[in-house]
Amino acid sequence: MSNLSIREAINKTLHEEMARDERVILIGEDVASEGGGAYGVSIGLAEAFGKLRVIDTPITESAIIGAAGGAALTGLRPVAELMFIDFLGVCLDQLMNQIAKFRYMFGGRASTPVTIRTMIGSGMGTGPQHSAILYPLLVAIPGIKVVAPSNAYDAKGLLAQAIRDDDPVVFCEHKAIYTEKCEVPDEPYTIPFGKARTVREGTDVTVVAFSRMVLLARDVADSLRSQGISVEVIDPRTLSPLDDEAILASVQKTGRLVVLDEANPYCSMASEVSSIIAEKGFDYLDAPIRKVTAPHTPVPASPILERAYLPSLAEIEAAIRATVNY
Amino acid sequence: MSNLSIREAINKTLHEEMARDERVILIGEDVASEGGGAYGVSIGLAEAFGKLRVIDTPITESAIIGAAGGAALTGLRPVAELMFIDFLGVCLDQLMNQIAKFRYMFGGRASTPVTIRTMIGSGMGTGPQHSAILYPLLVAIPGIKVVAPSNAYDAKGLLAQAIRDDDPVVFCEHKAIYTEKCEVPDEPYTIPFGKARTVREGTDVTVVAFSRMVLLARDVADSLRSQGISVEVIDPRTLSPLDDEAILASVQKTGRLVVLDEANPYCSMASEVSSIIAEKGFDYLDAPIRKVTAPHTPVPASPILERAYLPSLAEIEAAIRATVNY
Amino acid sequence: MEYTPETLYRAYRSMKLIREFEERIRAEYQQGKLPGFIHVYRGQEAIAVGVCMHLSDEDYIASTHRGHGHCIAKGCDIEDMLLELACKQDGICKGKGGSMHIADMKKGMLGANAIVGGGPPIAAGAALTAKTLRNGKVSVAFIGDGASDQGTVAESLNLATVLQLPMIFLYENNHYAEFTKSPKPDGRIAARAGAYGMPAVTIDGSDFFTVYETLAEAVERGRTGGGPTAVEAIATRYYGHFEGDPQQYRDAAEIAAARANADPIEKFLQDHRCKDLDPAQIAAIDAEIQSILDAAVERALAADDPTPDQLYADVYLSYRGETA
Amino acid sequence: MEYTPETLYRAYRSMKLIREFEERIRAEYQQGKLPGFIHVYRGQEAIAVGVCMHLSDEDYIASTHRGHGHCIAKGCDIEDMLLELACKQDGICKGKGGSMHIADMKKGMLGANAIVGGGPPIAAGAALTAKTLRNGKVSVAFIGDGASDQGTVAESLNLATVLQLPMIFLYENNHYAEFTKSPKPDGRIAARAGAYGMPAVTIDGSDFFTVYETLAEAVERGRTGGGPTAVEAIATRYYGHFEGDPQQYRDAAEIAAARANADPIEKFLQDHRCKDLDPAQIAAIDAEIQSILDAAVERALAADDPTPDQLYADVYLSYRGETA
Ligand SMILES: Cc1ncc(C[n+]2csc(CCOP(=O)(O)OP(=O)(O)O)c2C)c(N)n1
Ligand SMILES: Cc1ncc(C[n+]2csc(CCOP(=O)(O)OP(=O)(O)O)c2C)c(N)n1
Ligand SMILES: [Mg+2]
Ligand SMILES: [Mg+2]
C-alpha cells in the first residue's frame with residue numbers, strides 16, 4: 001500500500017499498463033513533455049517507454065482521437081489524452097460517429113480498445129471554455145463507456161480496467177481533485193465497470209453523486225450524521241454502464257433520493273438517475289427526488305462566481321434536509 | 001390559409017423572413033442548388049434573393065457554423081444549415097464554446113442572432129451516421145435555444161421566432177415528417193418559445209412527446225379514447241426553454257406521466273422531463289413515470305431493425321396502459 | 001513499368017467487377033429491391049484498382065460514402081457485400097451498416113463512411129499501428145474532392161507528416177460534391193497536401209496505368225519508412241450523387257461528354273499495353289463476373305432479414321460484464 | 001513607405017503600452033493578486049500593433065488565448081481590461097470572461113479565445129458581414145503556429161477563399177505550442193495557406209515596419225474586394241507558455257538569446273526611421289503609460305467583485321420571454 005494522490009495513481013497505472021502490454025501507447029498534446037502534460041499526469045512515461053510509445057502530437061484533436069481509434073481497430077490499445085473535455089467540440093465526430101459505432105456498424109466484427117483520458121470540471125479558475133463537465137453527452141452515446149473516479153484507489157483500478165477493456169472508454173479526471181490522496185495497493189488490479197461503491201452507509205436518504213461531488217456528499221453526510229441524519233452516499237464510479245441496481249436497492253432502504261451532479265442541469269446524470277428511480281423505484285419513494293446541479297450557465301471566470309456556480313455544501317445539505325423532512 | 005407540408009412551411013417562412021429583413025442570409029452546403037439543398041427545403045431562395053444572400057459553401061461545417069456565428073455577432077441574422085444533426089460532431093465547438101457562450105463570456109455585451117436549421121431522426125433508411133436525434137446534447141448547453149416542431153403551423157411560427165430571436169437557436173426538422181400537412185396562415189406570425197401545445201386534452205394520463213413522437217402519441221391517444229382511456233398529449237415544441245409549467249399542470253390533473261422521446265435513452269429529454277416531475281410534481285403522481293425512447297444502440301441500416309429501433313405505436317400504447325392501470 | 005498478362009487480367013477483372021456490381025445494384029435499387037442510399041462509383045474504377053493492387057489483406061484502407069469500388073478492389077466478398085446492401089442478417093455488417101458502412105477487418109477494409117472526411121484520421125491510426133509495430137504495412141485514405149475541405153483531413157495530413165506515418169492520401173477529384181461543382185482548379189488539392197511537406201502529385205485517375213505506377217512509388221515510400229504521400233486523381237462521376245439524383249445542376253452535354261470520354265475500362269482496353277490480351281479470356285472474365293453476380297444477387301435478395309432482437313447486439317463487446 | 005512622426009509615436013506608444021501592461025500584470029499575478037491563467041504576449045508586440053494600426057473600430061479582429069496585445073492594439077480600454085483580468089464586476093466582460101475572453105464589440109474585438117483555432121471561423125463570419133453589407137470593413141484572425149494545425153483554421157482558409165472574404169489570416173509563429181517546440185520550418189504555415197489560392201507571405205514579426213507594410217497591402221486587398229491574405233509573422237515567445245511555466249523544456253541559452261535579440265521595441269527604436277524621434281517625447285509617453293497603468297491597477301484591485309446573483313445574468317437576452 002502507498003498513500004497516493006489521484007494524479008499519482010493514474011500515472012502509476014499508466015506505467016504499469018504500458019509495462020504489462022506493449023500494445024498500450026499514449027498519444028496526445030504535450031504528453032511526452034518533461035513536465036508530463038498540462039497537469040503532469042504523464043510524467044516519466046516518455047523516459048520509461050520512449051517516444052515511439054509516448055507520442056506528442058500537433059494540436060489536432062480530431063486526428064488524435066480518430067488515430068487512436070484507428071490504431072485500436074488495427075491492434076494497438078491506445079490511451080489518448082484529450083487535454084480538457086471542453087475540446088470535445090473539435091473532435092466529437094471521431095468519438096461519437098466513428099469509434100463508438102465501429103462495432104455496431106460493422107456487425108460486431110471489430111473492436112476498438114481505446115481509452116480516452118480527459119480532464120473535467122470547474123473550481124480551478126480555468127474559465128468558460130476549460131471547466132465543463134460534459135460527461136452527460138458521452139453517456140448518451142451508445143458504444144462508449146464513461147468512467148469518473150472520485151479517489152485514487154478507484155482511479156487506479158478503473159483506469160486499468162479501461163485500458164484492458166475491449167470497448168472504447170472515456171476516463172474523466174476531475175482537475176480539482178487530482179491531489180486527493182488515499183491508500184492504494186502497490187500491485188495492479190482492476191475494478192469492474194457498472195459496480196457502484198457505497199461511500200457511506202445510511203438509512204434516512206440516498207445521495208448519488210458523481211466525480212468531485214462524491215467528496216462533497218461524503219462531507220455533508222459526515223456532518224449530518226452527528227446531527228442524527230443518516231445519509232447513504234453512493235458513488236456509481238462508472239456513468240455508463242450505470243449501476244441502477246445499487247441505487248434502487250439503496251432507495252428501497254431509505255425511501256428518499258438526492259442526486260448531485262456538477263454538470264449543467266438539463267439532460268444531466270442527475271436527470272438520468274432521477275428518471276430511473278421515478279420509473280423503477282416509484283413505490284419506494286417517500287419524497288420528491290431532488291437534483292442538485294450547476295445552473296444552466298457557462299462557468300464564469302470570476303472565482304466568486306465560480307464558487308457560486310459549483311453546488312455548495314450548504315445547498316447539498318439543504319436539499320438533503322428538505323428531502324428527509326418531507 | 002393554405003394546406004402546407006412542414007417542408008413547404010419552412011420554405012415559405014424562409015422566403016418571408018428574407019423578404020422582411022435583408023440582414024437574414026442563408027448559408028450551408030448545397031443550399032443554393034437548384035434542388036434547394038439535400039431535402040429541397042431551400043428551393044427557390046437563391047433565385048429570389050441572389051447568391052450573395054443564399055450562400056453555398058464547401059464541406060466545412062466548423063467554418064459554416066462559426067462564420068454564421070461571427071456574422072450574427074457583427075450585424076447579420078444568418079440562418080445556417082447543418083444538413084444532418086449527425087454532423088454536429090465536426091462543428092460542435094463553434095456552437096457549444098463559441099456561439100452559445102459569447103453573450104455570457106462577453107459580459108452581456110454581445111448578441112448572436114443566429115438560427116441553425118438541421119435535420120434529425122430515423123425512419124428514412126439513412127443508417128447509423130445520418131439518423132440521430134442528438135437534441136438532448138444541445139438542450140444541455142447553456143446559451144442556445146432548441147426548437148423541434150411537429151407540424152407545419154408550428155414550424156412556420158417557431159422558425160419566424162427563431163430568426164427574429166436575438167439568441168442563438170437550433171431548429172430541428174425531423175426528416176420523416178417533412179411531408180406532414182396542415183392548415184397554415186398565409187401571413188407571417190411567430191410562436192413564442194417556452195409555450196407547450198396541448199395536442200389532445202385528456203384526464204387519465206399525460207403524455208409528453210417531442211418532434212415526430214407527437215404524431216405517434218396523438219394516434220395512440222385517439223385509438224385509446226375509443227377504448228375509454230383519456231390521454232392528454234403535450235407537445236412542448238421548444239425543448240430549451242421547456243414549458244415545465246404546462247407539463248406540471250397536466251400531471252396535476254391526470255396524476256400520471258409517460259414521456260416519449262426518439263433519442264437514445266440516457267440523459268435524454270425523456271429523462272429530463274421525468275426528473276422535473278419527480279421533483280416538482282411528486283405529490284401529483286399516482287404511478288411511476290414511464291419513459292419510452294429508442295434503445296441505447298446506434299440506428300441500424302436495416303429497415304426491419306430501424307423499425308424496431310423507433311418506439312412503436314404498440315410500445316407506446318403498452319406504456320400508457322401500464323401507467324393508467326398501475 | 002512492365003506488366004505481366006496476369007497483372008493486366010487482374011486489373012481488368014477487378015475494374016469490371018466493380019462496374020458490373022454497381023450496374024446490377026442500380027438496377028435492383030431502381031426496382032425498389034434495395035433499401036437506403038447508394039452512391040455509385042462508376043467512372044472512378046481505375047483509382048480503387050490501381051491503388052489496391054499494391055496492397056495485401058494486411059494493409060489498410062479507409063473509404064468514403066462512395067465505397068463499393070474500394071471494397072471490391074480490396075477484396076471484400078461480393079456476396080457478403082450484396083447481402084449487406086440488402087441489409088440481410090448475413091451481410092458483411094449483419095445488415096446494420098448498409099452501403100455506407102461496409103467494412104471487413106480481415107481484408108484491412110476499415111469501413112466506408114457516411115461522414116465526409118471521417119476516414120482519414122482512422123487511416124492515420126492504422127498507419128500508426130504499422131509504424132509502432134514496424135511491420136511494413138501501409139494505410140490508404142480515400143478522400144473526395146469535397147471531403148478534402150474538411151478540417152479532419154487537414155489534421156490528418158499534419159499528423160501523418162509530423163509522425164512520418166506510412167500513409168497515402170488518395171484524393172478522388174470528380175469535381176462534384178453532391179449537387180455543387182467544385183470551385184477548385186485541378187492540382188489545388190495536391191498542392192494543399194504538398195504544403196504540409198509530403199510528396200504530392202496530380203494524375204489522371206481514369207487511366208489505370210498512371211494510377212498503378214504512381215501508387216507503386218507511394219506504397220514503396222510508405223513501406224520503407226519514407227512517410228506519407230498525397231495523390232490527387234482526377235476522375236469523372238458518371239452518374240448522380242446518389243442513385244436517383246436527377247442531376248438538374250449538370251448540363252446534358254457535360255454528362256454526355258463525361259460518359260463518352262471518361263470510361264476507365266475502355267481506356268484500359270485501348271491502351272497499347274493491353275493489345276495482346278486475349279478477347280476470349282476477357283469474355284471468360286466477363287462471364288465469370290456475371291455468374292458471380294447472378295448467384296450473389298439471387299442469394300442476397302432471398303436471404304433472411306435480421307431478427308428484431310439483433311437490434312441490441314454488438315453495441316459493446318460487453319456492457320455490464322456479460323460475456324459476448 | 002513614408003512614416004510621419006505621429007505614426008511612429010503611435011506605434012511606439014501602442015507597443016510600449018502592451019509591454020508595460022503585461023509586465024505589470026505579471027507582477028500582480030506573481031503576488032497572487034490576479035486569478036486564473038495568463039498568457040503573456042511579450043516579444044510579439046510588433047505584430048498586434050503593425051496589424052491593428054491599419055484598422056479602425058469598425059474593422060474586426062478575432063484573437064487567441066494570448067490576447068492582451070491584440071486587445072490593446074485594437075483599442076480596448078486599459079482599465080476595463082485590468083478590471084476583467086481581476087474578474088471584477090465592471091470588467092470589460094463583467095468578470096465572467098477573464099484574461100482569455102476579453103471582447104469589445106464597440107472596438108470590433110470579437111474575443112480572445114481559449115479554444116485553440118476557435119477564432120478563425122468567427123473572423124470569417126465578420127468578414128462575411130462586411131462582404132454582404134459591402135461596407136469595406138476587413139476582419140483579421142490571429143492564429144498561433146500551434147493553432148495553425150487545427151482543422152477549423154483549414155476550413156476557414158477554404159471558406160475565405162471560396163467566398164473571397166475580406167479577411168487576413170495573421171499567423172504568429174513563435175515556434176512553440178505550450179511545452180512543445182514546433183516541428184514546422186518557417187514558411188510552411190504561409191505555404192499551407194497559399195495553397196488554398198490566396199497571397200501568403202512569411203515575414204519578420206519582430207520588426208514593426210515589416211509587419212506594418214505587409215499589412216498595408218493585405219488590408220487594402222481586403223477593402224477593395226481582393227479577398228483574403230495570409231501572413232506568417234515569425235516572432236519569439238519571450239516567457240513561458242503561461243505565467244508560472246518554468247520552461248524546463250527550453251534551454252537557458254535559447255531563452256537568453258531570444259530575449260537578447262527579439263525585442264520588437266528595441267528593434268523599432270534602433271531603426272533608422274526612428275532616428276529623429278525625440279527622447280523627451282518618448283519619455284513622456286513612457287510616463288503617461290506608467291500613470292495610466294498605476295491608476296488602472298489601483299482601481300482594478302480595489303473594485304467590487306461581481307455579486308453571486310450575477311452568475312445567472314446574460315446567458316440569454318431572454319430565455320422565457322422575460323425582457324432583459
Ligand atoms: C460531415 C459531412 N458533411 C456533409 C455531408 C453530406 N454529404 C455527403 S456526400 C457529400 C459530397 C461529398 O463530395 P466528395 O467528397 O467530392 O465525394 P463524392 O461524392 O464526389 O464521391 C456531402 C456534402 C456528410 N455526409 N458529412
Ligand atoms: C482545441 C484546443 N486544444 C488544445 C488547447 C490547449 N492549448 C492551449 S494554448 C496551446 C498552445 C497554442 O500554441 P500556439 O497556437 O502556437 O499559440 P502560442 O501559445 O504560441 O501563442 C494549447 C495546446 C486548447 N486550448 N484548445
Ligand atoms: Mg467529389
Ligand atoms: Mg506558438
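To find a chain, count down the sequence lines: A is the first, B the second, and so on, and within it residues start at 1. From a predicted model like this one, the values you see are computed outputs, not experimental measurements.
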Point to revise | Heavy-atom side-chain proximity of A/Ser240 to A/Ile144 below 4.5 angstrom | key: no

Review point. With a 3.5 Å cut-off and no angle check, do the side chains of A/Thr126 and A/Ser131 form a donor-acceptor pair?
Key: yes

Would you mind checking which part of [X] comes under 4.5 Å of any heavy atom in chain B, side chain (CB onward), backbone (N, CA, C, O), both or neither?
X	answer
A/Ser62	neither
A/Met269	both
A/Ala287	backbone
A/Leu242	neither

Exercise for review: Using a heavy-atom cutoff of under 4.5 Å, enumerate the residues of residues 133-143 of chain B that contact chain A, numbered in order, or state 'none'.
Suggested key: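 At a heavy-atom separation under 4.5 Å, chain A is reached by B/Leu134, B/Pro136, B/Leu137, B/Val139, B/Ala140, B/Ile141, B/Pro142, B/Gly143.
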
Point to revise | Proximal to chain A - members of residues 247-266 of chain B, heavy-atom separation under 4.5 Å | key: B/Asn264, B/Pro265, B/Tyr266

Review point. Any salt bridge between B/Lys291 and A/Glu272, counting N to O under 4.0 Å?
Key: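 Looking at B/Lys291 and A/Glu272, the cut-off is met.
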
Review point. Short question: side chain of A/Thr118, backbone of A/Ile85 - any donor-acceptor pair under 3.5 Å?
Key: yes

Point to revise | Engaged part of B/Leu285 at the chain A interface, taking heavy atoms whose separation is under 4.5 Å | key: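 Both the backbone and the side chain of B/Leu285 come within 4.5 Å of chain A.
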
Check your understanding: Can you say whether B/Phe87 sits under 4.5 Å from chain A via the side chain, the backbone, both, or neither, judging by heavy atoms?
Key ->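 No part of B/Phe87 comes within 4.5 Å of chain A.
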
Study note, to complete from the structure: For A/Asp86 and A/Ala132 the tightest heavy-atom approach is OD2-N, 3.0 Å

Practice item. Output the option from B/Ile277, B/Thr297, B/Ile276, B/Val90 having the highest count of non-hydrogen pairs under 4.5 Å with chain A. Key: B/Thr297

Check your understanding: Would you call the rings of A/Phe282 and B/Tyr326 parallel, tilted or perpendicular if under 30° counts as parallel and over 60° as perpendicular?
Key -> perpendicular

